[in-house]
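Following: one structure in structure tokens, then a few remarks.
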Amino acid sequence: MKYVDEFRQPEKAEALFKAIDNLAAPLSDKLARAVHIMEFCGGHTHAIFRFGLEQRLSKSVELIHGPGCPVCVLPMGRVDDCVALAERPEVIFTTFGDAMRVPGSQKSLLQAKADGADIRMVYSPLDALNLAKKNPDREVIFFALGFETTMPSTALTVLQAAEGNISNFSLFCNHITTVPILESLLDSPTFNIDGFVVPGHVSMVVGEKPFATIAERYKKPMVITGFEPLDILQSLHMLLVQLQSGKPCLENQYARVVQKAGNIPGLMAMQKVFELREKFDWRGLGEIDKSGVKITEEYAAFDAERKFAVPNLKVDDPHECQCGEVLKGEIKPWQCKVFGAPCTPQNPLGALMVSSEGACAAYYSFGNTKELLDKRQEARPSK
Amino acid sequence: MAHGAGGKAMKDLIEEYLVGQFAGKFSAPLEDQARIDLSEILKHDNMQGGKLAFTTDSYVIFPLFFSGGDIGRLAVAGTVNDLSVGGAKPLYLSCSLIIEEGFALDDLRKIVASMYETAREAGVAIVTGDTKVVEKGAADKLFINTAGIGLIPFGVEISVGAAKVGDSIIINGTIGDHGASIVASRQDLALETSIQSDCRPLNHLIQSMLVASSEIHCLRDATRGGVATVLNEFAEASRVGIRLYENALPIKDETRGICEILGLDPLYLANEGKIVAVVAAQSAGVVLDAMKQQGFDQAAIIGEVIAAESPQVTMKTIFGGEKMIDLLTGDQLPRIC
């Protein structure tokens with residue numbers, strides 16, 4: 001398969017595994033611990049597990065799986081709001097597939113659908129807009145979700161709806177932004193990450209500048225990275241080279257996709273349609289300033305939150321969940337008290353078990369769960 | 001609603017579309033049951049001490065027509081294959097149609113013709129059937145149930161629990177074609193692809209494998225839930241581990257492309273013409289040759305049975321890492337980004 005197989009060549013991976021080990025071992029000796037690298041994006045987490053990269057990686061490097069899965073960090077109260085909107089008789093509620101299973105405090109969208117709500121899976125917000133055109137007597141709400149990656153398509157859909165005077169279409173906006181969450185992690189006193197694998201598709205939209213600023217301010221190596229195995233390995237190598245040289249900066253490994261200035265028409269559409277919220281609630285991490293967007297006054301007619309009263313209640317995560325600690329890299333997924341029992345992909349307690357991009361679901365599905373649980377058992381007495 | 005009331009309209013429907021296609025020596029003149037001479041059954045080889053195999057399945061696929069097949073072909077091939085993977089030679093099928101009022105008769109005619117053609121290809125007879133027409137909204141266009149009877153000759157012992165450490169895992173061709181073609185043919189995706197469903201009867205293939213080797217331990221068609229699900233069933237029932245080799249998996253580029261775009265895994269995609277066989281390692285070569293002789297050029301050894309503390313399926317990735325291939329939680333849902 002063109003543009004894919006080139007980035008999955010085992011011989012090249014082999015050479016990179018070796019080069020990574022050669023660089024990481026002395027760094028790890030100096031630190032007296034493994035080098036901590038965080039991949040922020042759920043897409044990277046998924047690829048790392050899918051290709052079994054972690055097991056082949058030098059023991060001197062530890063990957064920390066960050067809060068970059070938008071489905072995972074969605075607070076339970078927002079899911080409840082979705083269900084409330086979806087259960088209105090006049091509403092066709094449209095959503096991306098992987099948001100269907102996220103548990104709310106009462107039920108998930110999948111359960112609401114089984115109970116009779118008209119909930120439909122779409123692949124693009126434009127599908128939702130078309131549905132609105134075809135069903136003028138119904139209100140079609142699109143569950144807008146994701147980091148900057150998915151924002152341009154949502155924004156352009158709103159602009160099209162406005163242009164076509166489609167009055168029965170609205171967004172339930174839950175878009176979140178990358179930089180504030182990254183800053184809040186970096187500001188946390190217990191956070192010890194040595195370098196970042198930076199999300200490639202977010203960068204495709206926002207460009208290099210926001211991450212370059214962070215790299216400079218926090219003196220952390222950062223590399224914008226693609227999603228194929230060789231992309232990720234090359235990026236780890238680049239991060240280690242930066243650590244070795246002691247000159248942290250932002251580099252772009254994913255230059256075949258990411259342009260320095262980002263996607264300018266996309267950014268312009270986003271600027272018209274969205275503005276920052278004062279704060280937004282993240283599952284497991286709590287409220288973070290300016291970390292989400294809402295719809296601007298100009299396009300208020302397409303805002304489901306203004307059009308309908310949503311309950312907007314804050315629901316606490318189950319207290320036994322340790323999603324927040326996992327997201328910050330303070331513990332590994334399998335070290336969580338409820339990992340594997342009772343929290344499983346069939347019956348997720350915490351959001352990280354829900355999406356295939358969630359760190360816990362990835363450990364559970366692709367790792368040997370029994371082995372991990374044994375390891376947790378062994379680890380306990382020393383705690 | 002006149003078609004469902006059992007009156008003349010119904011009789012016309014049956015006569016025009018169904019009897020015309022299926023009538024043979026078993027069904028005339030429209031008795032309430034098919035009558036099969038026992039001598040017809042006993043004339044087959046090795047029936048002394050053999051077994052009768054009997055199975056049923058219902059087909060409710062959307063869309064009814066897809067690239068490489070339709071619900072009619074699926075309903076015949078599916079039941080033929082369910083019999084065949086038990087080592088049975090399929091002989092007779094029944095066919096029940098539940099038709100939503102207003103369903104286009106032209107489509108019905110096409111589907112019935114396709115069932116007939118598929119039955120002929122497999123060498124089985126559709127000997128009895130039933131038709132119900134239900135009110136609009138009570139069914140989604142057309143549901144088909146087929147049941148089938150076949151014969152398992154004496155000495156053929158194939159079971160999901162018979163895998164042994166050291167056995168080879170063999171598949172008869174590319175993985176996930178059917179699932180990929182169904183996903184691609186859903187209108188809301190607007191994907192253009194040449195991929196076709198692999199929907200076909202596999203009884204001749206399986207018979208030739210059984211002739212080639214008496215050491216075929218497990219056999220199952222990898223339909224819903226895909227190859228991963230079948231392997232987990234083998235591992236669980238046989239209390240063994242199974243290890244796949246990612247670099248040995250035959251997967252079409254189109255299927256890989258569709259999976260890459262939508263975030264799906266081909267190992268969990270449905271197949272309608274693929275069987276997974278667990279065969280003693282020393283027989284793997286001859287079984288593979290027999291499959292290739294039947295035209296299954298992409299047949300391949302994709303893994304092996306290993307000793308394991310608890311039943312599990314793992315895969316050695318192309319990068320040498322090992323990952324679990326677990327049962328799927330619910331349906332595969334496309335990923336957001």
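Each chain gets a letter, A, B and so on, in the order its sequence line appears, and its residues count up from 1.
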### Query
For B:F66, what residues pass the ring-ring contact (aromatic ring centres under 6.0 Å, His included) criterion, not counting sequence neighbours?
B:H178

If you look only at distance, which donor and acceptor atoms sit under 3.5 Å apart when one is on a side chain in residues 56-63 of chain B and the other is two or more places apart or in another chain?
unit_1, atom_1, unit_2, atom_2, d
B:T56, OG1, B:N145, OD1, 3.4
B:T56, OG1, B:N145, ND2, 3.1
B:T56, OG1, B:T146, O, 3.3
B:S58, OG, B:N145, ND2, 3.0
B:Y59, OH, B:T79, N, 3.2
B:Y59, OH, B:T79, OG1, 3.3

### Message
Among A:T344, A:D5, A:N130, which residue has the highest count of heavy-atom pairs closer than 4.5 Å to chain B?
### Response
A:D5

### Task
State whether B:F319 and A:R56 meet the cation-pi test: NZ (Lys) or CZ (Arg) under 6.0 Å from the six-membered ring centroid, and within 45° of the perpendicular axis.
no

### Query
Where on A:L53 is there a heavy atom nearer than 4.5 Å to chain B: the side chain, the backbone, both, or neither?
side chain

### Query
Where does the angle between the aromatic ring planes of A:H44 and A:F227 fall among parallel (under 30°), tilted (30 to 60°) and perpendicular (over 60°)?
parallel

### Query
Can you say whether A:F17 sits under 4.5 Å from chain B via the side chain, the backbone, both, or neither, judging by heavy atoms?
side chain

#### Entry: A:Q9, part contacting chain B, at a heavy-atom distance under 4.5 Å
backbone

